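A quick write-up on the structure given underneath.
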Amino acid sequence: EISDETDRETGRSKQISSVPIHLSIFSPNVVNLTLIDLPGLTKVAIEGQSETIVQDIENMVRSFIEKPNCIILAISPANQDLATSDAIKIAREVDPKGDRTFGVLTKIDLMDKGTNAVDVSFVLQTVDIADIILEGKSYKLQFPWVGVVNRSQADINKSVDMIAARRREREYFQSSPEYSHLAHRMGSEHLGKMLSKHLETVIKSRIPGLQSLINKTIIELEGELTKLGKPIAADAGGKLYTTMEICRAFDQNFKEHLDGVRAGGEKIYGVFDNQLPAALKRLQFDKHLSIENVRKLITEADGYQPHLIAPEQGYRRLIESCLVTIRGPAEAAVDGVHAILKGIVQKAIAETTELKQYPTLRVEVGNAAFESLERMREESKRATLQLVDMECGYLTVEFFRKLPQDVEKGGNPTHSLFDRYNDSYLRRVGSTVLQYVNMTCASLRNSIPKSIVYCQVREAKRSLLDFFFTELGKKESKQLSKMLDEDPAVQQRRANLAKRLELYRSAQHEIDAVAWSK
């Protein structure tokens with residue numbers, strides 16, 4: 001409310017406090033409202049007032065009425081020139097279309113005889129002419145002008161109540177020849193109804209925008225709460241359940257990497273398809289089976305008695321000396337897969353949002369996973385190297401039975417030992433051993449990955465955190481609390497967001513009820 005009011009009795013400008021009066025209205029049945037009675041505009045500072053009071057009050061008034069949701073009640077006395085009304089002037093500046101301005105004329109009963117506020121001109125003080133037309137033909141607003149007759153100071157002194165004052169106001173407009181045809185839309189009661197109806201219209205027009213804003217805010221708050229994670233339970237059972245759920249989420253992320261849902265598991269195949277074959281190829285068995293080495297091992301294997309038909313012990317030593325070198329690539333393949341699994345564990349930890357809340361739990365889960373992988377590596381290494389040892393411990397007899405015997409090829413067993421170990425003979429022995437070693441190497445190339453997958457990858461998917469879960473069930477509430485050591489600032493933020501979300505959901509429910517009501 002902004003006004004250019006003067007005292008009804010003296011006609012002098014009222015000395016109104018420069019502090020606005022706030023009236024807040026709360027009810028379970030209506031929208032909460034705030035009515036602000038702004039101080040009267042001052043044109044000249046009087047003695048005792050600040051020299052800047054004129055501009056200060058105007059700035060304060062503007063700070064309120066410039067807001068687009070503010071409904072302006074511009075009050076002007078009917079016995080003064082409307083053209084000089086500061087209330088109308090400022091209202092037109094901030095609301096040029098008049099969409100939210102209501103014009104109110106007071107002191108209609110105090111106008112000079114022969115003048116009225118309907119369709120005539122009157123002159124006051126030094127102002128020439130001002131047409132104040134309640135029918136809306138002069139200064140037009142979107143809403144009709146409303147004339148009111150308030151209590152005088154004498155009425156207030158006589159304790160005339162508001163009911164009597166409103167009755168006299170109605171009687172005035174109904175009995176006045178100038179205003180009787182407008183009586184149905186004059187008076188404070190009509191002004192109140194008109195303002196209420198406008199307020200209802202404005203609120204309904206704002207509902208879609210409010211719904212959109214509230215829904216957007218709710219989605220943002222829910223998203224932020226999801227990022228922060230669930231709050232910590234107070235009881236031991238709740239804490240254990242929370243810890244288990246977080247660990248399961250991590251375990252699921254880990255499995256998704258291995259199963260190809262997430263990236264990383266394909267590197268294991270790279271070990272089997274690239275690293276292991278390349279390492280086996282670098283062994284270069286043909287160089288290991290040089291004529292000199294073959295002669296040396298066969299001679300040592302015969303001892304003081306030369307072999308009679310074929311150098312069986314020499315064959316065995318040559319084969320074992322080649323196959324034992326496969327242990328290195330086999331062990332390297334185990335270590336390569338172990339390193340990849342550790343990397344996947346680190347990725348899964350980083351991708352598990354819940355673990356970001358609890359640094360201690362994150363470290364505990366990581367350590368437990370690495371310890372499990374270490375146990376699996378040792379088991380895988382033992383089983384994989386056993387495959388190599390088994391090939392060394394028992395040769396495939398059928399392979400050698402198919403080979404021609406020395407006598408059948410024209411060999412002469414009566415020749416001396418050193419004559420029989422000629423280069424051609426030793427070269428044929430080395431070639432035979434190389435064929436067998438390559439055959440065995442090809443077989444191990446297929447069986448080593450199977451052993452590694454069975455002992456490491458499969459076990460990691462099946463029981464990566466089983467030991468940790470067993471130990472977790474033995475922990476007391478205090479120990480669980482130490483693992484769930486969330487930052488207090490995060491806890492406070494979650495609580496604040498939850499309260500805001502509750503308020504917005506309540507507002508959403510109330511606004512939806514208003515929007516759908518008839």
Side-chain angles (χ1 to χ4, degrees), residues 247 250-288 319-352 355 362-393 437-468 471:
C247 292
F250 155 76
D251 196 45
Q252 181 61 33
N253 290 339
F254 177 78
K255 291 177 181 177
E256 288 179 359
H257 279 286
L258 295 178
D259 292 336
V261 179
R262 301 170 186 257
E266 72 283 354
K267 295 180 180 179
I268 295 175
Y269 178 73
V271 173
F272 303 147
D273 196 51
N274 299 313
Q275 178 182 322
L276 179 61
L280 292 174
K281 188 176 181 180
R282 285 194 297 270
L283 294 177
Q284 297 180 337
F285 298 120
D286 53 341
K287 292 183 178 180
H288 186 74
I319 291 171
E320 289 175 5
S321 67
C322 289
L323 293 182
V324 75
T325 61
I326 300 178
R327 290 173 62 93
E331 192 170 355
V334 171
D335 292 337
V337 172
H338 177 73
I340 292 172
L341 291 175
K342 286 183 67 176
I344 292 176
V345 165
Q346 292 172 337
K347 284 185 178 180
I349 288 175
E351 293 167 353
T352 305
L355 283 176
R362 182 169 64 247
V363 173
E364 292 281 348
V365 169
N367 291 340
F370 292 150
E371 289 173 4
S372 294
L373 291 179
E374 189 63 36
R375 288 193 296 269
M376 294 170 191
R377 176 171 72 166
E378 294 303 317
E379 176 61 25
S380 177
K381 188 176 294 186
R382 183 189 65 79
T384 302
L385 294 181
Q386 275 185 341
L387 291 176
V388 179
D389 295 340
M390 284 188 286
E391 294 292 348
C392 295
V437 170
N438 286 336
M439 179 192 73
T440 305
C441 187
S443 175
L444 287 173
R445 177 180 173 180
N446 294 325
S447 58
I448 287 174
K450 294 178 182 179
S451 173
I452 293 174
V453 168
Y454 184 84
C455 296
Q456 287 177 268
V457 181
R458 176 180 170 274
E459 279 300 300
K461 286 180 62 177
R462 189 180 68 86
S463 60
L464 182 63
L465 293 180
D466 279 7
F467 182 77
F468 179 71
E471 295 298 312

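All values reported here derive from a predicted model rather than from experimental measurement.
- Open room surrounds OH on Tyr269; 12 or fewer heavy atoms of other groups in view lie less than 6.0 Å from it.
- For Glu266, there are no salt bridge (Lys or Arg N to Asp or Glu O under 4.0 Å) partners, not counting sequence neighbours.
- Glu379 meets the salt bridge (Lys or Arg N to Asp or Glu O under 4.0 Å) test with Arg382; sequence neighbours excluded.
- To the nearest 0.5 angstrom, Ser372 atom OG is 8.0 Å from Phe467 atom CZ.
- A distance of 4.0 Å separates OG1 in Thr352 from CG in Asn253, rounded to the nearest 0.5 Å.
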task: Begin from the C-alpha positions of Ile268 and Leu341 and carry the test side chain to side chain contact (heavy atoms under 4.5 Å, CB included) through to its verdict.
output: CA-CA 8 Å; Ile268 295 175; Leu341 291 175; 4.0 Å; yes
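- In this structure, the side chain to side chain donor-acceptor pair (under 3.5 Å) partners of Glu351, at least two apart in sequence or on a different chain, are His257, Arg262.
- Every residue meeting the side chain to side chain donor-acceptor pair (under 3.5 Å) condition with Arg462, not counting sequence neighbours, appears here in chain and number order: Glu459.
- Each side chain to side chain donor-acceptor pair (under 3.5 Å) pair with one or both residues in residues 445-457, not counting sequence neighbours, appears once here: Ser380-Gln456, Thr384-Ser451.
- Closest non-hydrogen pair, Asn438 versus Phe285, comes out as OD1-CD1, 3.9 Å.
- Nearest heavy-atom pair, Val457 versus Val337, reported as atom, atom and distance to 0.1 Å: CG2-CG1, 4.1 Å.
- Residue Val271 comes nearest to Pro277 through the heavy atom pair O-CD, 4.2 Å, listed as atom of the first residue, atom of the second, then distance.
- Counting only residues at least two apart or on different chains, no side chain to side chain donor-acceptor pair (under 3.5 Å) pair has a member in residues 339-349.
- Taking the side chain to side chain donor-acceptor pair (under 3.5 Å) definition, one finds that Thr440 meets it with nothing, sequence neighbours left out.
- Listed by chain and residue number, Leu258, Asp259 satisfy the side-chain contact (heavy atoms from CB on, under 4.5 Å) test with Lys461 (two or more places apart in sequence, or in another chain).
- Separating the CD1 atom in Ile344 from the NZ atom in Lys267 is a distance of 8.0 Å, to the nearest 0.5 Å.
- Taking CD1 from Ile319 and SG from Cys392, the interatomic distance works out to 9.5 Å, rounded to the nearest 0.5 Å.
- Rounded to the nearest 0.5 angstrom, Arg375 CZ and Ser463 OG are separated by 8.5 Å.
- You'll find the side chain of His338 reaches within 4.5 Å of the side chain of Glu374, heavy atoms only.
- Ile448 is not listed as a side-chain neighbour of Phe272, based on a closest heavy-atom distance of 4.5 Å or more.
- Leu373 is listed as a side-chain neighbour of Leu464, based on a closest heavy-atom distance under 4.5 Å.
- Qualifying side chain to side chain donor-acceptor pair (under 3.5 Å) partners for Gln275, counting only residues two or more places apart in sequence or in other chains: none.
- Taking the salt bridge (Lys or Arg N to Asp or Glu O under 4.0 Å) definition, one finds that Glu471 meets it with Lys474, sequence neighbours left out.
- Counting heavy atoms from C-beta on, the side chains of Phe254 and Ile349 never come closer than 4.5 Å.
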Would you mind writing out the side-chain donor-acceptor pairs for residues 320-332 within the sub-3.5 Å range, not counting sequence neighbours?
{"unit_1": "Ser321", "atom_1": "OG", "unit_2": "His288", "atom_2": "NE2", "d": "3.0"}
{"unit_1": "Ser321", "atom_1": "OG", "unit_2": "Arg317", "atom_2": "O", "d": "3.1"}
{"unit_1": "Ser321", "atom_1": "OG", "unit_2": "Leu318", "atom_2": "O", "d": "2.7"}
{"unit_1": "Thr325", "atom_1": "OG1", "unit_2": "Cys322", "atom_2": "O", "d": "2.4"}
{"unit_1": "Arg327", "atom_1": "NH1", "unit_2": "Asp389", "atom_2": "OD1", "d": "2.7"}
{"unit_1": "Arg327", "atom_1": "NH1", "unit_2": "Asp389", "atom_2": "OD2", "d": "3.0"}
{"unit_1": "Glu331", "atom_1": "OE2", "unit_2": "Lys381", "atom_2": "NZ", "d": "3.3"}

Return a table of donor-acceptor pairs under 3.5 angstrom between the side chains of residues 362-369 and protein atoms on other chains or two or more places apart.
{"unit_1": "Arg362", "atom_1": "NH1", "unit_2": "Leu355", "atom_2": "O", "d": "3.0"}
{"unit_1": "Asn367", "atom_1": "ND2", "unit_2": "Val363", "atom_2": "O", "d": "3.3"}

